[in-house]
Amino acid sequence: MSVETRTRSLAQVLRRAQLSVALVALLTVGLVLTMGAALVLRSLLLHNLELASRSMAYSSEAAVTFRDRMATQALLKEFVEREQLADARVVLRSGEILAQYRRPSSNDWMTAKVQAWFPMYARSPVGSDADELDDVVEVHGDTKAYVQLLSWSLLGVMFSMGMTILAVLMVSRRLERVVLRPLGALAKHTRAVRDEHAYGRRAPSAEVREIDALGTDFNALLDEVQAHENELLRRHEALQTDHEVLSIQARVDALTGVCNRQFFESQLREAIARCAADGGILGLLFIDANGFKQINDRYGHEAGDRVLMALARHLGQVVRDTDLVGRLGGDEFVVLIRPLRLATDAQKVKQQVVSLLQSTPVMLDATHQVNLGVSVGVAVYPFDGAEVASLLRAADMAMYRDKIRQKGAFQLTAAGESPLLA
């Protein structure tokens with residue numbers, strides 16, 4: 001059995017409870033009143049029967065004494081018809097029935113059943129000095145009043161049940177308008193909030209105080225949930241921003257803005273793997289600034305930082321968007337040329353780098369500038385190395401060979417003078 005078949009609506013529960021209470025109360029009251037009325041009516045009927053039997057015994061004393069059957073029969077008939085009795089008879093002391101008369105209207109089956117269930121009779125001795133062992137007159141009361149009482153009680157109960165059902169339906173409709181509809185609206189609202197995550201929605205007010213308080217408490221809960229959600233969103237955005245900053249810091253050199261060593265080597269490793277898969281080649285430039293130590297010693301680290309930032313900026317101007325510039329540390333820079341059509345193209349990029357740096361001065365301070373000279377080593381995959389370490393080592397050795405050829409000399413000039421860097 002599913003949950004839907006086991007559960008019932010609140011309207012059904014309330015309607016069933018109201019009907020049950022009303023019907024039980026109605027049946028209880030009806031039963032008590034009917035039993036009380038029946039007992040009172042029986043007491044009155046028995047008292048009347050007692051008086052009737054005495055009167056009949058007095059009236060028929062002469063006829064019974066002389067055993068006049070016809071006269072006794074006539075007296076019984078007249079007396080039964082006048083007093084609306086069921087029947088009457090005269091029983092002699094020998095047990096013989098002298099006369100008997102039954103009224104025809106008391107022979108229906110309902111009256112017979114009631115007489116069998118609730119017998120009502122009285123007997124009186126004939127004669128003023130007689131006792132129960134002498135001749136007696138027995139009279140049986142008509143139970144038609146009992147039948148009428150039961151019939152009217154049944155009709156009254158049925159009518160009351162109908163009115164009760166009608167009243168319950170009317171009360172149920174009012175309860176549905178006042179209680180069930182606000183509860184249904186609140187339940188629909190909570191489902192919408194749950195399904196749509198619309199924590200900004202608020203439950204409407206209700207006419208019933210308790211339901212309105214429930215809606216108010218639910219709105220307060222939504223306020224807390226919404227505040228908590230906003231706080232979580234704020235923290236998520238802050239964490240996302242921190243993550244992006246950390247991600248950038250993990251990839252980018254803080255001073256120059258180019259790739260740091262770790263990220264550059266990972267990109268170089270991926271590029272080597274792609275070239276190994278499709279048979280391509282790539283170039284690697286290893287660049288070192290000539291005379292960088294002397295600049296730091298003479299003009300300070302701030303001037304050295306300007307040189308490194310200028311070098312990184314100029315390298316970014318020379319290479320393509322698909323190429324990658326990185327700083328290994330100190331004044332050592334690397335350039336990944338990808339893809340490389342011919343191995344000799346790497347030498348062309350080298351010449352472009354050298355030419356740009358020689359033609360673009362770098363301001364060391366307000367009065368001094370320098371034209372940087374650089375030593376550049378070139379390595380080509382797969383001819384100079386098949387792995388990251390071997391390729392970097394080959395480019396580094398080529399750079400040192402280039403530095404030895406240039407002897408690393410440089411000349412500083414005042415601002416406005418002809419710069420010279422060997």
Quick one: pull up [atom1] in [X] and [atom2] in [Y] and give me the separation to the nearest 0.5 Å.
{"X": "L51", "Y": "E83", "atom1": "CG", "atom2": "CD", "value": "9.5 Å"}
{"X": "F264", "Y": "L336", "atom1": "CZ", "atom2": "CG", "value": "5.0 Å"}
{"X": "R89", "Y": "R102", "atom1": "CZ", "atom2": "CZ", "value": "9.0 Å"}

Keeping the roles fixed (side chain from [X], backbone from [Y]), state whether a donor-acceptor pair exists under 3.5 Å.
{"X": "R320", "Y": "P339", "answer": "yes"}
{"X": "S60", "Y": "M56", "answer": "yes"}
{"X": "Q406", "Y": "V374", "answer": "yes"}
{"X": "T360", "Y": "L357", "answer": "no"}
{"X": "R338", "Y": "L282", "answer": "no"}

side-chain hydrogen bond (donor to acceptor under 3.5 Å, both in side chains): which pairs involve residues 265-277, sequence neighbours left out?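 Residue pairs passing side-chain hydrogen bond (donor to acceptor under 3.5 Å, both in side chains), neighbours aside: R261-E265.
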Results of side-chain hydrogen bond (donor to acceptor under 3.5 Å, both in side chains) for [X] - residues two or more places apart only:
{"X": "E302", "answer": "R306"}
{"X": "E81", "answer": "Y101"}
{"X": "D331", "answer": "none"}
{"X": "T256", "answer": "D253"}

Contacts under 3.5 angstrom, residues 388-395 side chains, donor-acceptor by atom type, not counting sequence neighbours:
unit_1 : atom_1 : unit_2 : atom_2 : d
S390   : OG     : A386   : N      : 3.4
S390   : OG     : E387   : N      : 3.1
S390   : OG     : E387   : O      : 3.0

Kindly indicate whether the side chain of [X], heavy atoms from C-beta on, has any atom under 4.5 Å from the side chain of [Y].
{"X": "D288", "Y": "E332", "result": "yes"}
{"X": "F79", "Y": "S55", "result": "yes"}
{"X": "D402", "Y": "K350", "result": "yes"}
{"X": "R54", "Y": "E50", "result": "yes"}
{"X": "F292", "Y": "L308", "result": "yes"}
{"X": "V319", "Y": "L324", "result": "no"}

Could you report the tightest heavy-atom contact between P125 and V136, atom names first, then the distance?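 Looks like CA-CG1, 3.9 Å.
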Suppose we screen for side-chain contact (heavy atoms from CB on, under 4.5 Å). Which residues come up paired with [X], at least two apart in sequence or across chains?
{"X": "F383", "result": "I281, A343, V380"}
{"X": "E237", "result": "none"}
{"X": "Q352", "result": "V318"}
{"X": "R341", "result": "D345"}

Which residues share a salt bridge (charged side-chain N to carboxylate O under 4.0 Å, His left out) with D297, sequence neighbours left out: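 Once residues adjacent in sequence are excluded, the partners of D297 under the salt bridge (charged side-chain N to carboxylate O under 4.0 Å, His left out) criterion are K293.
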Hey, could you give me each pair passing salt bridge (charged side-chain N to carboxylate O under 4.0 Å, His left out) that has a residue in residues 352-363? Not counting sequence neighbours. none
